[in-house]
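No hydrogens, no waters, no symmetry mates; every other heavy atom, side chains included, goes into these values. A, B, ... follow the sequence lines: proteins, then strands. Residue 1 opens every chain.
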2 protein chains.
Amino acid sequence: MANQRPALDPIFHALADPTRRAVIGRLMQGAAPVKELAQPFAMGLPAFLKHLGVLEAAGLIHSEKQGRVRTCRVDAARLAAAEQWLAEQRALWQGRADRLAAFVESQNPPNPPSE
Amino acid sequence: MANQRPALDPIFHALADPTRRAVIGRLMQGAAPVKELAQPFAMGLPAFLKHLGVLEAAGLIHSEKQGRVRTCRVDAARLAAAEQWLAEQRALWQGRADRLAAFVESQNPPNPPSE
DNA sequence: ATCATGGTTCGCCATATGGCAAACCAACGA
DNA sequence: TCGTTGGTTTGCCATATGGCGAACCATGAT
């Protein structure tokens, strides 16, 4: 389950777009063909296919074509890789000595350690 | 506490670069001036300052200048925003009907939701 | 006053990104 | 067979990104 570290660059890049995040959100609820995925968006198919290409290049989705319909599904493990990097950073931050001090002297906390 | 949802686009975009992620990782261990942050990288200062600008535009870091030294510190809450989005997606995925079915299939059958 | 240091700004360039329109291909369905 | 549907490919364009070098400030040290 703890798969090797995939390239984070393309993963984060793929997530840095609302269209692509929406596609992820949709696919998290189940696989779907391209047309259905594209339907909520105003852009044309070519532009949308580029987004799918970015997602697939990042390994966040896989697609399979049967007949003339291409069905896409998400690869949750790749998303987890991004989440894991973030969790690691947070662990670093939480382990900091000055945070401990700041927590102790919580007189006027403008940024409490609330995740 | 429940911070409002910052724009995810610039956050993920800022993270989609190894230089910027390294800066984050460095700053997670404590604040640092620009020169020290830039030192590990091969690029020139102008290019590096652009990276800092991207990070700061995303709200991931703040910087403050005293004398001629600019000191940067990280804003962990912004990172948490990205982490939270990912966690939400994972929750969606874990709640999926077909995943539930796959699990139930080997345990006991409460009620299979149709799709 | 002068000089070194730490940043900053300013053009400039190559490439990547995100979008379009239009033509095209491959499978259904009638 | 022929039209429709679902995707794909092919230019093409505007803007953004990531890097450079060089000139430029402002502060701290000598």
Side-chain angles (χ1 to χ4, degrees), chain A residues 6-27 30-75 78 82, chain B residues 6-27 30-75 78 82:
Chain A
L8 291 174
D9 289 34
I11 293 180
F12 280 123
H13 170 246
L15 295 177
D17 181 287
T19 298
R20 293 192 292 255
R21 281 199 308 276
V23 168
I24 293 281
R26 168 64 187 79
L27 286 180
V34 170
K35 193 202 177 186
E36 182 185 330
L37 288 175
Q39 180 221 335
F41 304 102
M43 71 191 69
L45 255 300
F48 185 77
L49 281 187
K50 266 191 198 176
H51 285 296
L52 286 188
V54 171
L55 285 169
E56 197 152 18
L60 287 170
I61 70 172
H62 308 296
S63 67
E64 185 188 356
K65 193 167 182 178
Q66 53 188 3
R68 61 182 163 173
V69 176
R70 175 173 297 278
T71 305
C72 301
R73 68 194 68 254
V74 81
D75 183 344
R78 285 303 174 93
Chain B
L8 291 174
D9 289 35
I11 294 180
F12 280 123
H13 170 246
L15 295 178
D17 181 288
T19 297
R20 295 193 291 255
R21 282 199 308 278
V23 168
I24 293 281
R26 168 63 188 79
L27 286 179
V34 169
K35 194 201 175 186
E36 182 184 332
L37 287 175
Q39 181 221 334
F41 304 102
M43 71 191 69
L45 255 300
F48 185 76
L49 282 186
K50 267 193 198 174
H51 285 296
L52 287 187
V54 171
L55 285 169
E56 197 153 18
L60 287 171
I61 71 172
H62 308 296
S63 66
E64 185 189 353
K65 191 168 183 177
Q66 51 188 4
R68 61 183 163 173
V69 175
R70 176 173 297 276
T71 304
C72 301
R73 70 193 66 256
V74 82
D75 183 344
R78 286 303 175 92

At under 4.0 Å between heavy atoms, what does B:Pro33 touch on the DNA or RNA strands: base, sugar-phosphate, or nothing?
sugar-phosphate
Could you tell me how far apart [X] ([atom1]) and [N] ([atom2]) are, to the nearest whole angstrom?
{"X": "A:Gln39", "N": "D:dG7", "atom1": "CD", "atom2": "P", "answer": "12 Å"}
{"X": "B:Leu49", "N": "D:dG19", "atom1": "CG", "atom2": "P", "answer": "12 Å"}
{"X": "B:Leu45", "N": "D:dA23", "atom1": "CG", "atom2": "C1'", "answer": "14 Å"}
{"X": "A:Leu52", "N": "D:dG6", "atom1": "CG", "atom2": "P", "answer": "15 Å"}
{"X": "A:Lys50", "N": "D:dG11", "atom1": "NZ", "atom2": "P", "answer": "13 Å"}

Under 3.5 Å, side-chain donor or acceptor atoms of residues 12-24 of chain A against the rest of the protein: list the pairs with distances, not counting sequence neighbours.
{"residue": "A:Asp17", "atom": "OD1", "partner": "A:Thr19", "partner atom": "N", "Å": "2.7"}
{"residue": "A:Asp17", "atom": "OD1", "partner": "A:Arg20", "partner atom": "N", "Å": "3.2"}
{"residue": "A:Arg20", "atom": "NE", "partner": "A:Ala14", "partner atom": "O", "Å": "2.8"}
{"residue": "A:Arg20", "atom": "NH1", "partner": "A:His51", "partner atom": "ND1", "Å": "3.2"}
{"residue": "A:Arg20", "atom": "NH2", "partner": "A:His13", "partner atom": "O", "Å": "3.1"}
{"residue": "A:Arg21", "atom": "NH1", "partner": "A:Leu15", "partner atom": "O", "Å": "2.7"}
{"residue": "A:Arg21", "atom": "NH1", "partner": "B:Asp9", "partner atom": "OD1", "Å": "3.1"}
{"residue": "A:Arg21", "atom": "NH2", "partner": "B:Asp9", "partner atom": "OD1", "Å": "2.6"}

Looking only at non-hydrogen atoms, find the nearest pair between B:Arg26 and B:Gly30 and report the distance.
NH1-O, 3.1 Å
Smallest separation among heavy atoms of B:Arg73 and B:Ala31, with atom names
NH1-CB, 3.8 Å
Trace of the side chain to side chain contact (heavy atoms under 4.5 Å, CB included) decision for A:Leu55 with A:Leu27:
CA-CA 12 Å; A:Leu55 285 169; A:Leu27 286 180; 6.0 Å; no
How do A:Thr19 and A:Pro46 order along DNA chain C: which one's closest nucleotide is nearer the 5' end?
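Looking at the nearest nucleotide for each, A:Thr19 comes out on the 5' side.
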Return the 5'-most residue of the pair A:Gly67, B:Glu36 with respect to DNA chain C, ranking by each residue's nearest nucleotide.
B:Glu36
Test log, rule side chain to side chain contact (heavy atoms under 4.5 Å, CB included), inputs A:His62 and A:Cys72
CA-CA 6 Å; A:His62 308 296; A:Cys72 301; over 6 Å; no
When rounded to the nearest 0.5 angstrom, what distance separates CD in B:Glu56 from CG in B:Asp75?
10.5 Å
Measuring to OP1 and OP2 of D:dT8, would you say a side-chain N or O of A:Arg70 lies under 4.0 angstrom away?
yes
What range of DNA chain C does chain B touch, first nucleotide to last, counting atoms under 4.0 Å from its heavy atoms?
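Terminal contacting nucleotides, 5' to 3': C:dA4 to C:dT9.
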